[in-house]
Amino acid sequence: MTRGLCAQRIAQAVILHACRGLPDDIRDERFREWAAELPAIMCDSDIRFAILRSARALSYAAGTYRSVRYLRRAAGKPRTDGRQSGVTGDAAVGWASRSRRHPLAPPRYPDGVLPAIAAVVIWLILIVLVRAYQPQGPVIFLYISAGILVDILAVVAIVRFIRWIRRQSKHPPRS
Amino acid sequence: MKLTGPLTRVLSVFLADVSAWRYGYDLMKAARLPSGTLYPMLARLQEQGLVTAQWEQHSADAGGRPPRKYYQLTGEGVRVARLELAQTRTATRRTTDGTTRPVRGITP
């Protein structure tokens, strides 16, 4: 399996997971619609590098979580616990979707944990990659971009954690 | 209809060729919007009857890829989009004309 095909499969899995949050009557149609765009992204000649096309496909797939939130609200099915069902979706989009928890939702873990984990994982992968392959040519920009992404994730994690602490101090959870 | 920046871009893309059917990724690229912004907007426009959608028919030049969903402005959509964009342009022009600019060399 090529890397492009692998990325397409992952993106498809992310879309499938996002669509689980939709009502039954529109789930299948939305999944077919969104998954059908992936070949167009993977064959987009305007994006020069295959890795950037893969990243675009994954970002497209992550964006569908936001669409699902809107479609759920439009269909009159509000979230009950302030989050999408499942865990992998949060891991995939977490900070990117800028999801806000419902104020009455029971706290499961502090805000900012997911971006922090993502930052550490990307950072570790970066270290391994830099040691294994000396960056040359345009690949350097990818490393730099990944480094910037780690920084952003770290900042988001800290900000969200501070906000969470403030919220907890104002409204401590009932034991 | 509240005309936001992204909505203006999407309507402009549609109005560039009102007879063209456009699929999601095509619109994303043309309007430079992420999927999480575009699809809710398309759903809203569809609810308001300003946009219509249809599935692509299987064709030989599809190359085995799955059929896409295509979007197009309805007649009412074209009318409303043109009107809203024209009003926005007029309002922007009025704001720009009314703005006083500092004269170079004169400090307040």
Would you mind checking chain B against chain A for donor-acceptor pairs under 3.5 Å and listing them?
| residue | atom | partner | partner atom | Å |
| --- | --- | --- | --- | --- |
| B:Gly24 | N | A:Glu37 | OE2 | 3.0 |
| B:Tyr25 | N | A:Glu37 | OE1 | 3.1 |
| B:Tyr25 | OH | A:Asp44 | OD2 | 2.5 |
| B:Lys29 | NZ | A:Asp44 | OD1 | 3.0 |
| B:Lys29 | NZ | A:Asp44 | OD2 | 3.4 |
| B:Lys29 | NZ | A:Asp46 | OD2 | 2.9 |
| B:Ser35 | O | A:Ser67 | OG | 3.4 |
| B:Ser35 | OG | A:Tyr60 | O | 2.8 |
| B:Thr37 | OG1 | A:Arg66 | NH1 | 3.3 |
| B:Tyr39 | OH | A:Tyr60 | OH | 2.8 |
| B:Lys69 | NZ | A:Glu29 | OE2 | 2.8 |
| B:Tyr71 | OH | A:Glu33 | OE1 | 3.3 |
| B:Tyr71 | OH | A:Glu33 | OE2 | 2.4 |

With clusters defined by side-chain heavy atoms of hydrophobic residues (ILVMFWY) lying less than 4.5 Å apart, directly or transitively, does A:Val130 cluster with A:Ile125?
yes
Sort A:Ile26 into side chain, backbone, both or neither according to what part of it lies under 4.5 angstrom from a heavy atom of chain B.
neither
Please tell me whether A:Leu153 and A:Ile162 are part of a single hydrophobic cluster in this structure, the criterion being side-chain heavy atoms less than 4.5 Å apart.
no
With hydrophobic residues grouped by side-chain heavy-atom distances under 4.5 Å, do B:Val18 and B:Val80 end up in a single group?
yes
If hydrophobic clusters are built by linking Ile, Leu, Val, Met, Phe, Trp and Tyr wherever their side-chain heavy atoms come under 4.5 Å apart, do A:Val120 and A:Val159 end up in the same one?
no
Best-contacting candidate, B:Gly24, B:Ala43, B:Pro34, against chain A by heavy atom pairs under 4.5 angstrom:
B:Gly24
Determine whether B:Val51 and B:Leu15 fall in the same hydrophobic cluster, where Ile, Leu, Val, Met, Phe, Trp and Tyr are linked whenever their side-chain heavy atoms lie under 4.5 Å apart.
yes
